[in-house]
There are 2 protein chains.
Amino acid sequence: MAEVSVEELRGALGSPDDGELATLVSRLHPADLADLLEQLDEEDRVRVFRLLPAAVASETLTELPGDERGEILERVDPGQVREIFTQLAADDAADILGELDRSEAAQILEGMAPEDSREVAALLAYDEESAGGVMTPQVVAVRETAAAHEAIEEIRRQGQDVGEVMTVFVVDDERRLTGSLPLSRLIVAPEHARVADVMERDLVSVRPDTDQEEVARIIARYNLVVLPVTDAFGHLLGQVTVDDVIDILEAEATEDLFKIGGVDQAEEAHAGALQIVRSRLPWLAVTLLTSFGGAAVVAAFRGTIERLSVITIFMPVVAAMAGNSAIQSVTVTVRRLALAGAGAGGAWRHVRREVAGGVLIGFVIAGVLGAVAALWQGSLELGLVVAAAMWVSISLGVLWGALFPILLDRVGVDPAVASSVFLTTLTDMVSFLLVLGLAAALLRTLA
Amino acid sequence: MAEVSVEELRGALGSPDDGELATLVSRLHPADLADLLEQLDEEDRVRVFRLLPAAVASETLTELPGDERGEILERVDPGQVREIFTQLAADDAADILGELDRSEAAQILEGMAPEDSREVAALLAYDEESAGGVMTPQVVAVRETAAAHEAIEEIRRQGQDVGEVMTVFVVDDERRLTGSLPLSRLIVAPEHARVADVMERDLVSVRPDTDQEEVARIIARYNLVVLPVTDAFGHLLGQVTVDDVIDILEAEATEDLFKIGGVDQAEEAHAGALQIVRSRLPWLAVTLLTSFGGAAVVAAFRGTIERLSVITIFMPVVAAMAGNSAIQSVTVTVRRLALAGAGAGGAWRHVRREVAGGVLIGFVIAGVLGAVAALWQGSLELGLVVAAAMWVSISLGVLWGALFPILLDRVGVDPAVASSVFLTTLTDMVSFLLVLGLAAALLRTLA
């Protein structure tokens, strides 16, 4: 697996002869080649792509981002497209076709061998983010009643379509899944042993409509390499492999992080300025609206501010600390929900623990801030007002940070929507209300 | 794989006879059993654990959190501990021993069979977060020069120690790694074919000191099921399997998310209130200090606030929007760095794109906010001051959000330390400075 730099590749592109280019490219792993292609302009990308043997081209295609795939498939000739789709695994083919125009996808499907196109069309019918959408129908399965040497013959035959065989499934006469057959057991089994005697039963499987997050969680939880997908009658439909799951887990982690950070999860790695505006402005517009809540509170207390302007020094500190405590709590809660999955118990215990922690943290921070305010401005009353507002603000911020994601999860909304950018405008408003309300009460007492 | 509820388990614990309990527990997968055990108190947990056969006990132990493992190992009798460690994979055994007191770990090591304890002790010498720390030395390897039927015999012999064989490695006479032997190929090879003729060469491998994040990235990138670990001379030391990688990726994603959210990544799933205080108060203490920067700015402009108290209405809105834009930018940047890995090019291009997006977003938000301020308070000048402060604050916030993580990464500090809770106190300060500074200039102009 040689390393080739983008400069070397550009050098080879400088020569009109494709020979050097082809040699250079042949030394690369498809994943590395895809990375280099992303750094070229469209013209060069297509030129390199045309030189690739179909097997390499198809693997490289799966590693490229969606928009670049469409671009390439439009520009290489139909013969190469057909060859590439013959090489692609059915699930990858369905993913790629799902991104193209209907007419273009239909044209490619027509060019495929009938049984391949039937398989791919069936996959296209499943939700992209379900087990059906991420599984491949290409599995190796043998019958329970077969003898070891027949199973080996069967694996040899079926394995040619499947590439590297990771797991052999065992089915009954109706193709209902009954177990799996580790190759390491088969290899050491006597030639005439029955599959039923060496197989493993007690297999975890999922339905095609199971959400991909749940699929990933099951594979991670039980340390599986493949997870079979069956219909309601137990018929084997396909398998999800662990490498697909890694992509799902990374995508989900990115999605959660981005949502908490207030970024549309569809923002791509090389997003231009306009795409950045599109993916972030909507969240900011919402928080602009909610932040007017805080502005309205301040406006209502203009009189208090004019009579006690010193309070404006501590107002933003209280708001910042309450916001930060809420961010911490929402971060922990969203991640727990993501890792534990739906239906995880102990949600209320989690909220109780968070609030207990928040009240303690609030006490410490309020004590420090109140002491600073009292000493700096030489006013015990001011210190008490600031400390009381701080304590309550932090406690409430932590309560919401823990509660909102759980409530959203209960009503079936993605908990990460309780994003920190939204939550902090709420804690701002409440902090201002507490600081200014207490300050107004103080003024009334002193008057 | 039956589902057993914690209530059923508690019911069985109510009976003094252990028979029912043992039957119930025997129906569970170790991962599910570990979940249930976490919900019991220590007494019951140990009671259930004592009933487990060594094979189940060892698998369940690996699924439990660190502190609970230590607790259990202290309380079950030394005979059971010895049996459990005989069953554990060497990498899991090393992980668990690494968490215990030195004296306790040494005692357990002494109780193990000499070759097992040698293996585990060797693993303990590697950094926990390196390839050496996560690999298992238990691999199946055959010689290039062996015939297919000899290889099968060898796999049968070695496979007994290894559990399910996922990949067979091929080594030369000095045990230097030369390739791998997919079982699916071996199974269909003629009995007298040489391993060298059916093996795959061109294998990716890592050194034991490779960071676990890099290991995870390589496995994810090349869709591997196992990654061999070799020393500088190419001798095969062990393998990292894809299920370990899933745990690493999840832990890394949690770590990044928590750091951005200002939570110590060591906070455990069932942290009590005191642990919450310990893991979050330090971050809050730092942000309390930095938020005094904002307070100092407001204090310096007390005169301006007294003469133009209306400005305090818009001050928090400007600060909130600048903070939110910075959170968005830092979120995207940290995730890009995590997924792309060290040495990824295009960092400056990323900063340029972020700033271009930030300037555009700032323009829109500043326009809206300025118009609201001007119309609400009937003052064009006020609208201009607020809009100008907003535009510059957002642009700067986005710049820092993109720049700080990259700079931290360059100097070898985890970029996620540029957490949003820290960044927002900085954007607060700058926003106040801009709003109040421009307001003061406006007052001077009007005077």
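This is a predicted model, so every value here is computed, not measured. Chain naming here is simple, since letters A, B, ... match the order of the sequence lines and numbering starts at 1 in each.
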Counting heavy-atom pairs under 4.5 Å with chain A, which one of B:V168, B:D256, B:V263 comes out on top? B:V263

Is it the side chain or the backbone of A:V364 that comes within 4.5 Å of chain B heavy atoms, both, or neither? side chain

With chain B, the option among A:I219, A:L274, A:L360, A:I327 that has the most non-hydrogen atom pairs under 4.5 Å is A:I327

Quick check on B:I305 against chain A: is it the side chain, the backbone, both or neither that has a heavy atom closer than 4.5 Å? side chain

If I measure from the heavy atoms of chain B, does A:T241 come under 4.5 Å with its side chain, its backbone, both, or neither? neither

Counting heavy-atom pairs under 4.5 Å to chain B, which of A:V368, A:T312, A:N324 comes out on top? A:N324

Can you see which heavy atom on A:V398 is nearest to which on A:G358, and at what distance? CG2-CA, 3.8 Å

B:T331 versus A:I260: any side-chain heavy-atom pair under 4.5 Å? no

Does a salt bridge link A:R221 with B:D243, judged by any charged N lying under 4.0 Å from a carboxylate O? no

Is A:F301 in contact with chain B via its backbone, its side chain, both, or neither, using a 4.5 Å heavy-atom distance? neither

Output yes when a side-chain donor or acceptor of B:Q328 lies under 3.5 Å from a complementary backbone atom of A:G262, and no otherwise. yes

Honestly, the part of A:V297 sitting under 4.5 Å from a heavy atom of chain B is neither

Backbone N or O of A:E306 within a donor-acceptor pair of the B:E306 side chain at under 3.5 Å? no

So what's closer than 4.5 Å to chain B heavy atoms on A:V225: side chain, backbone, both or neither? side chain

Does any heavy atom of chain B fall under 4.5 Å from the side chain of A:T424, the backbone, both, or neither of them? side chain

Top contributor to chain A interface from B:N223, B:V372, B:V245 [non-hydrogen pairs under 4.5 Å]: B:N223

How long is the straight-line distance from CG of A:L369 back to CH2 of A:W376, given to the nearest 0.5 Å? 10.0 Å

Under the side chain to side chain contact (heavy atoms under 4.5 Å, CB included) test, which residues partner B:L308, sequence neighbours left out? B:V310, B:I311, B:A439, B:L443

Using non-hydrogen atoms and a 4.5 Å limit, figure out which bit of B:S325 sits close to chain A: side chain, backbone, both or neither. both

B:E252: side chain to side chain contact (heavy atoms under 4.5 Å, CB included) partners, not counting sequence neighbours: B:Q212, B:E213, B:I248, B:E255

Looking only at heavy atoms and a cut-off of under 4.5 Å, which of B:A320, B:A356, B:A31, B:G323 has the most pairs with chain A? B:A31

Select one option (side chain, backbone, both, neither) describing which atoms of B:E59 are under 4.5 Å from chain A's heavy atoms. neither

What part of B:V359 gets within 4.5 angstrom of chain A, counting heavy atoms only: side chain, backbone, both, or neither? neither

I'd like to know which of B:D244, B:I394, B:D35 tops the heavy-atom pair count under 4.5 Å against chain A. B:D35

Counting only heavy atoms closer than 4.5 Å, note whether A:S309 contacts chain B via side chain, backbone, both or neither. both

